[in-house]
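Worksheet: one structure, shown below.
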Amino acid sequence: MQIAHISDLHFSKISLSPAQFFSKRWIGNFNCLLNRGDNFLKERAYSLIKLFKSLNIDYVIITGDATTTGSHSEYKQAKSYVDALTKEGFKVFIIPGNHDHYTKKNYREKTFYHYFPSPATPYPFNLKEHGVTACP
């Protein structure tokens with residue numbers, strides 16, 4: 001069994017909406033514009049797919065921060081990436097990080113789980129409701 005572990009993909013989409021100023025999202029957008037935008041290019045994440053195939057990876061574990069500010073457009077990018085991994089035959093496991101619950105609204109509405117539902121398991125607990133899961 002070959003396992004790849006990645007984290008902090010930080011898919012981003014700068015928001016121009018004035019609504020961002022009612023949360024801390026503006027801080028994340030500002031930081032992305034000035035400091036971190038070039039550090040997290042989605043092309044780099046996609047280039048891993050070819051590498052993973054060449055290494056015969058079976059499982060990809062993504063441990064948090066798929067998004068930069070938890071916006072829906074960022075989640076759509078992260079979901080597309082996970083779908084691309086799955087399409088190539090990788091079994092993908094993903095858990096949220098602090099940037100995936102970036103705003104109080106993200107945390108309260110559990111936005112992460114709208115895009116990445118907890119996998120079905122035979123156990124009486126799941127990631128969304130209990131913060132822990134297990135897969136056979």
Side-chain angles (χ1 to χ4, degrees):
M1 171 184 344
Q2 299 290 330
I3 300 171
H5 169 232
I6 55 178
S7 68
D8 297 282
L9 295 169
H10 288 279
F11 287 103
S12 63
K13 173 75 171 136
I14 302 299
S15 172
L16 301 177
S17 169
Q20 70 179 314
F21 294 104
F22 294 103
S23 73
K24 70 177 191 173
R25 187 165 280 138
W26 72 272
I27 297 170
N29 281 311
F30 190 70
N31 189 25
C32 190
L33 270 172
L34 293 182
N35 299 319
R36 299 171 54 155
D38 292 339
N39 293 337
F40 301 104
L41 301 174
K42 63 181 165 187
E43 294 80 16
R44 288 185 188 151
Y46 279 91
S47 71
L48 291 174
I49 295 173
K50 185 177 180 180
L51 175 65
F52 292 165
K53 296 244 350 141
S54 73
L55 295 172
N56 296 315
I57 298 297
D58 301 302
Y59 298 91
V60 177
I61 301 171
I62 304 171
T63 55
D65 292 350
T67 67
T68 297
T69 66
S71 71
H72 287 286
S73 58
E74 292 171 352
Y75 270 115
K76 288 175 185 173
Q77 290 178 54
K79 176 82 168 97
S80 291
Y81 180 66
V82 169
D83 289 346
L85 288 167
T86 303
K87 183 180 175 189
E88 290 295 327
F90 302 111
K91 178 74 173 166
V92 180
F93 298 93
I94 181 169
I95 62 172
N98 63 312
H99 283 255
D100 302 317
H101 295 305
Y102 197 71
T103 65
K104 290 178 184 178
K105 184 177 179 184
N106 285 139
Y107 183 75
R108 183 178 64 252
E109 294 181 0
K110 298 185 178 191
T111 308
F112 176 88
Y113 302 102
H114 294 287
Y115 292 90
F116 305 106
S118 295
T121 69
Y123 307 108
F125 48 86
N126 66 62
L127 193 58
K128 180 180 179 182
E129 301 302 322
H130 305 98
V132 66
T133 193
C135 297

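Heads up: numbering here begins at 1 and tracks the sequence. Just the heavy atoms: all of them, side chains too, but no hydrogens, waters or symmetry mates, feed the values below.
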- Applying the side-chain hydrogen bond (donor to acceptor under 3.5 Å, both in side chains) test to T69, which of E74, H99, H10 qualifies? E74

- Item | Distance (rounded to the nearest 0.5 Å) between T133 OG1 and F125 CZ | 6.5 Å

- Query: Looking only at heavy atoms, which two atoms of Y102 and G70 are closest? And how far apart?
  - Reply: CB-N, 4.1 Å

- Message: Just checking Y107: does its OH atom have more than 12 heavy atoms from other residues, nucleotides or ligands closer to it than 6.0 angstrom?
- Response: no

- Where do A66 and I94 come nearest, in terms of heavy atoms and distance? CB-CD1, 4.2 Å

- Message: When you measure from the side chain of D65 to the backbone of N98, do you find a donor-acceptor pair of N or O atoms at a distance under 3.5 Å?
- Response: yes

- Query: Side chains of K53 and F90: does their closest heavy-atom pair fall under 4.5 Å?
  - Reply: yes

- Message: My understanding is that a hydrophobic cluster links ILVMFWY residues whose side chain heavy atoms are under 4.5 Å apart, including indirect links. Using that, what else belongs to the cluster containing I3?
- Response: M1, Y59, I61, F93

- Could you tell me whether the side chain of Y81 reaches within less than 4.5 Å of the side chain of I49, counting heavy atoms only? yes

- Task: Of all the heavy-atom pairs spanning S47 and R44, show the shortest one and how long it is.
- Result: OG-O, 2.6 Å

- Query: Cut-off 3.5 Å, side chains only: do N106 and T103 have a donor facing an acceptor?
  - Reply: yes

- Could you state the interatomic distance from OG (S118) to NE2 (H130), rounded to the nearest 0.5 Å? 10.0 Å

- Report yes if the side chains of V132 and Y123 come closer than 4.5 Å at any heavy-atom pair, otherwise no. no

- Item | Side-chain heavy-atom pair I62, F116 within 4.5 angstrom cut-off | no

- Note on the structure: Scanning both residues in full, the closest heavy-atom pair of E109 with H114 reads O-NE2, 3.1 Å

- Task: Say whether D100 and T67, considering side chains only, have a donor N or O and an acceptor N or O under 3.5 Å apart.
- Result: yes

- Query: What do you reckon, is NZ of K110 surrounded by more than 12 foreign heavy atoms closer than 6.0 Å?
  - Reply: yes

- Tell me, with the steps shown, if T111 and Y75 meet side-chain contact (heavy atoms from CB on, under 4.5 Å). CA-CA 9 Å; T111 308; Y75 270 115; 3.6 Å; yes

- Message: Distance check, rounded to the nearest 0.5 Å: T86 atom OG1 versus K91 atom NZ?
- Response: 8.5 Å

- H101 to Y113 - nearest heavy-atom pair and separation: CE1-CE1, 4.3 Å

- Less than 4.5 Å apart, any side-chain heavy atom of P96 and any of L127? yes

- Which is it for F52 and Q2 under the side-chain contact (heavy atoms from CB on, under 4.5 Å) test, yes or no, and what are the steps along the way? CA-CA 9 Å; F52 292 165; Q2 299 290 330; over 6 Å; no

- Message: How close do A134 and T121 get, counting heavy atoms only, and between which atoms?
- Response: O-CG2, 2.9 Å

- Item | Carboxylate-amine/guanidinium contact D83 K87, below 4.0 Å | no

